There are 2 protein chains.
Amino acid sequence: MGESSSERTSRRGRRPAGQDARAAILAAARAEFTERGYVAASVRSVARRAGVDPGTVRHWYGDKARLLSAALGLGEISPTEIVRQAVEGPLDTVGERLLRAALTMWDDAGPEPLRIALPAVLSDPELRALMPQFLLAEILGPIARRLPPGEAALRANLLGTQMVGLMMARYVVGLEPIASLPADAVVAAVAPTLQRYLTGELPEAAAVGA
Amino acid sequence: MGESSSERTSRRGRRPAGQDARAAILAAARAEFTERGYVAASVRSVARRAGVDPGTVRHWYGDKARLLSAALGLGEISPTEIVRQAVEGPLDTVGERLLRAALTMWDDAGPEPLRIALPAVLSDPELRALMPQFLLAEILGPIARRLPPGEAALRANLLGTQMVGLMMARYVVGLEPIASLPADAVVAAVAPTLQRYLTGELPEAAAVGA
DNA sequence: AGCATAATTCCTCACATGAGGAAAAATCTG
DNA sequence: CAGATTTTTCCTCATGTGAGGAATTATGCT
């Protein structure tokens, strides 16, 4: 964890043009958050890794939460928008469309953001407590609005269970063979489940319980 | 967070018989780990909450990892054993048996152990890296051994995705309505998925990808 | 009753963290 | 070119952490 003085100048003041401290900080943050977890990583450990002073990190990103947001690139993709688009179209293929959209999003981003964000959120009871509202409003809500009332919430919930489980196994944990299965194979196996949850027969006992 | 001197004596030495410091420490640990997350909770914060000195915590439980194990009551229930028992019997109802066993185990324990353990494990890249092996060996392995070779691993994986997703939604996140759905209703909705994953038709594209 | 053992606190140490602010150095602008 | 602005480090502070060990006090055993 020692800083290499060949990589880090010790004089105060502005660096010559062309050096991108912000990018180095963000890359270091992603690495630190991934390797140590958000809580155990510190602003100082990120700064050390980036080869800058902690004051520089603070200057650009303020506190650690904002550094996390920046490192995750939040705001660049909107899961809500992705869901909204996928949910449009015929209902008898909505399961597959949602799954493909999610797999594309996750595959594009790689496992890092999920591996950083999920434990960070789950470790904080206040953030964790916000997740149901967020999920219902932003992810499952647009789906439920396409379904007949009465079972819509339960059906969207069930879809959520399968999607989050797949996300966990494939991206967060890296469970094989599903972690390296081609997307088409995943869709072939899992989309029928999603479709049944959304539009298929739910046994009476499930519906009564809702 | 301040300690109440009416609850804590300040003299050194053994306490009169009848006071159970260990139980108080474990209860405090569970509360602290749940409310702050494992990493952010400290041995000192646990001790403060329990009304004892940090040295006492250290005396009984050594380091924080061992305190976590004790607080979670690890060793009292064996998921592996539960899976092994549920997997015995006719294959055409194994999905439901596994699900009932898991729901019982989770319901009995309440959300706390999962809310403590999951972020703790996922925040630590070394522990996280061990999860696939553990899951495959201890949970999914006994299931896969009951299935015909060739697709056994994929089928067990698929079952795992649904189970972990259900666990996340129902217990960790508290997503409604599934969080408060009666177990029978959950089984009615989800067991057919598990059964299909284990013994049902998997589309060709899924099987080829495995 | 006396001694050994067990349980608990107090003390100390080295180290780490987030945060604020001032000084220094490069760039930008008119 | 000079001054303003931007960027970066150094310095300081208050607070917290894990860990080791010795002193103290109650219990257990003979």
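What you see below is based on every heavy atom in this structure, not just the backbone, and it leaves out hydrogens, waters and symmetry mates. Fair warning: this is a prediction, and the values are worked out from it, not measured in the lab. Reminder, nothing fancy here: chain letters follow the sequence lines and each chain counts from 1.
Remark: the backbone N or O of A:Leu158 is paired with a side-chain donor or acceptor of A:Thr161 at under 3.5 angstrom.
Partners of A:Glu35 according to the side chain to side chain contact (heavy atoms under 4.5 Å, CB included) rule, which considers only residues two or more places apart in sequence or in another chain, are A:Ala31, A:Arg49. With sequence neighbours left out, the salt bridge (Lys or Arg N to Asp or Glu O under 4.0 Å) criterion links B:Arg84 to no other residue. Under the side-chain hydrogen bond (donor to acceptor under 3.5 Å, both in side chains) criterion, A:Thr80 pairs with A:Glu138, sequence neighbours left out. Residues passing the side-chain hydrogen bond (donor to acceptor under 3.5 Å, both in side chains) test with B:Gln85: none are found, sequence neighbours excluded. Partners of A:Tyr197 under the side-chain hydrogen bond (donor to acceptor under 3.5 Å, both in side chains) rule, at least two apart in sequence or in another chain, are B:Gln162, B:Thr193. For A:Ala152, the side chain to side chain contact (heavy atoms under 4.5 Å, CB included) criterion is met by A:Ala144, A:Leu147, not counting sequence neighbours. The salt bridge (Lys or Arg N to Asp or Glu O under 4.0 Å) test applied to A:Arg170 returns A:Asp107, not counting sequence neighbours.
Under 4.0 angstrom from either OP1 or OP2 of C:dT8 there lies at least one side-chain N or O belonging to B:Trp60. For B:Thr56 and C:dA7, the shortest distance from a side-chain N or O to OP1 or OP2 is not below 4.0 Å. The side chain of B:Arg48 places an N or O atom within less than 4.0 Å of a non-bridging phosphate oxygen (OP1 or OP2) of D:dT17.
Residue B:Arg36 contributes atom CZ, which lies 10 Å from atom P of D:dG16 at whole-angstrom precision. Distance, B:Arg49 CZ to D:dG16 C1': 18 Å, rounded to whole Å. As a whole-Å value, the separation of A:Leu67 CG from C:dG18 P is 10 Å. Between A:His59 atom NE2 and C:dG18 atom C1' the separation is 18 Å, expressed in whole Å. Spacing between atom CD of A:Gln19 and atom C1' of D:dT9 amounts to 14 Å, rounded to whole angstrom units.
Using a cut-off of 4.0 Å between Lys/Arg side-chain N and Asp/Glu carboxylate O, A:Arg44 and A:Asp53 are scored as not salt-bridged.
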Listing time: all N or O pairs from protein to nucleotides 1-4 of chain D that are below 3.5 Å?
none

_So if I define the base as every atom that isn't primed, P, OP1 or OP2, how would nucleotides 18-27 of chain D read as a B/S/- string at a heavy-atom cutoff under 4.0 Å?_
BBBBBBBBBS
